[in-house]
Structures are given as C-alpha cells and as structure tokens.
Amino acid sequence: MKLLFIGDIVGQPGRNAVKELLPKLREQHKLDFIIANGENSAGGSGITPRTAGEIFSAGVDAITSGDHLWDQKEVMELLANEKRFLRPLNYPPGTPGQGSAVFEVQSSKSKVQSPLSIAVLNVQGRTFIQPALEHPFLLATEEIKRLRERTKIIFVDFHAEATSEKIAFGRFLDGQVSAVVGTHTHVQTADEQIFPGGTAYLTDAGFTGPHESVLGREIEPIIRRFLTGMPQRFEVAKNNVQLHGAVIEIDDASGKALKIQRVAEAT
Ligand SMILES: [Fe+2]
Ligand SMILES: [Fe+2]
C-alpha cells in the first residue's frame, strides 16, 4: 500500500493547500491512505472540530498532533469524540483522547486479502520540547507490541525538536514499524531512507502552509521578537504556499517499507 503523510498544516493557507493539492497527489501516487499533522491548523495554533473537519473533508484519513494540542479549547471535543484524531501517546494515564488508532484500508493493488489494516501512532519527544511527557521510547515499545497483534503496517509521527532524539527513536524502532516520520521543526530534511530492518525514516516532513515566512508565520514580527525580546503577535503568513510531506510505499504482507519519497508541492 501507499500512504502520504502531510507535515504540520499551518492555518487557512495550509488547509487550502491540502484541499487544492490532495486530489492531484492521490491520482499521481495512487495513494491508499493519507495522514496529516494538524496541530497548527487553527490560525497557526492548535486544532478545532471545524479545522479538523475541513482536513478530513479534503480526503485525509487520520490527523496527528503535538505540543500545540491544547492551544484551542475546542480540542476537548475532538479528543472526546473523534477516533481519527490522535494526540501524543505519552501523556499520563487519564488524559482524554488516544495516541494510536487502527484503520481499515481498501487497497486496490494489494496481493493480500483486503481490507488491510494500518495503525497510526503519534508520540512526542522530550528533548527541548514542552510539556515534559512520559518516556517516548518505552511507551512506544509497549504500544507497538499491542498494535502488531492487529497489523504489521504501522506509521509513527514522532513530534520532536532534537534531531538526535528523532534519529535515535527511528533507529530504535527499526524493524518494528513501517515508518517513522518526524514533525514539529517545520523544515523538511533531506535524509529520507529505509533503515536495515525495513523502517522508512525522515527526520522532518516539513510544514504545509506559507513558506514566505518563518516556519509559517509573518517574518517581521519574528525578527522584531529576536531583536527586542518583546512579545509580538505572530500572524500566519500568506505567500508561497506549499504542501510538504512524504509518500511511503509499504509491503502489505511484511509491513516493511519499500520506498520513501519526499513531497514538496506548490499550490
Ligand atoms: Fe509542534
Ligand atoms: Fe507544528
């Protein structure tokens, strides 16, 4: 099967890019399943039922998140009711929502009896990122053990800041999952590869939104903030809107990755 992962969708420009480009990408890559990180989809900070609804309507099957999870209070409704919406797994027990979900996929080209199952797992790092959550490596291991009883096709969005933590996490999970793709830093890295155990890896998928910006926000206020140290309003920028992510091809029977290809598509 072939899946597309879309890096952090930033604000309305990001949502519009998904709506505009997804039909073309689906056709071009013969996609079976689409996952997107939606943590910045509401005005650049957080996610609401409305922005999640727009992303699902555009054709996305599962939405992951990260440290901006709580920025909009309406997220509580998503956490309570939307099974296709994931938060980082490694919150303490009792936190609303879920860190993983299993989806059924009708793959047209599969040699394996369909439908296929794909598990999506969202985990947050602990280095240079707030809040300090529980141990990502240990909790992910336990969760993946449970998920593998249901399917070998497992996609992991690792929302983390430090490149070292991301690579170490990917290497640690090599052979246990189909793919580990990083989010949060909003700059697409050029290190896509398949590790020896068959896990596809990319340190950061990049972000989907206005790239004439600083990570999706207007440039001037950010420079002013660095110059003065004073708080500024960081509005979502407007220009050079691109969709960033990766297409990953997975062997249905073994769950191992066959190919990973970066995507950077202009609107
Ligand atoms: Fe983030
Ligand atoms: Fe983000």
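For clarity, every value in this text was computed on a predicted model and none was experimentally measured. Read the numbers this way: they start at 1 and go in the same order the structure lists the ligands and their atoms.
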Exercise for the section: For salt bridge (Lys or Arg N to Asp or Glu O under 4.0 Å), just list the numbers for Glu54 and Lys19, CA-CA rounded to whole Å, side-chain angles, deciding distance to a tenth of an Å, and then say yes or no. Expected result: CA-CA 8 Å; Glu54 270 187 48; Lys19 273 179 235 170; 2.9 Å; yes
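- Note: Trp70 and Tyr91 have perpendicular aromatic rings, judged against thresholds of 30 and 60 degrees for the angle between ring planes.
- For Lys24 and Glu27, the salt-bridge test fails: no basic side-chain N is under 4.0 Å from an acidic carboxylate O.
- Shown here are the protein N/O/S atoms lying under 2.8 Å from the Fe ion (ligand 2), water excluded: Asp8 OD2, Glu39 OE2, Asn40 OD1, His186 NE2.
- With respect to His159, the side chain to side chain donor-acceptor pair (under 3.5 Å) criterion is satisfied by exactly one of His68, Gln124, Glu39: Glu39.
- Between Phe137 and His135, the two ring planes are perpendicular [angle over 60°; tilted spans 30° to 60°].
- Here Lys238 pairs with Glu218 in a salt bridge; the nearest charged N to carboxylate O distance falls below 4.0 Å.
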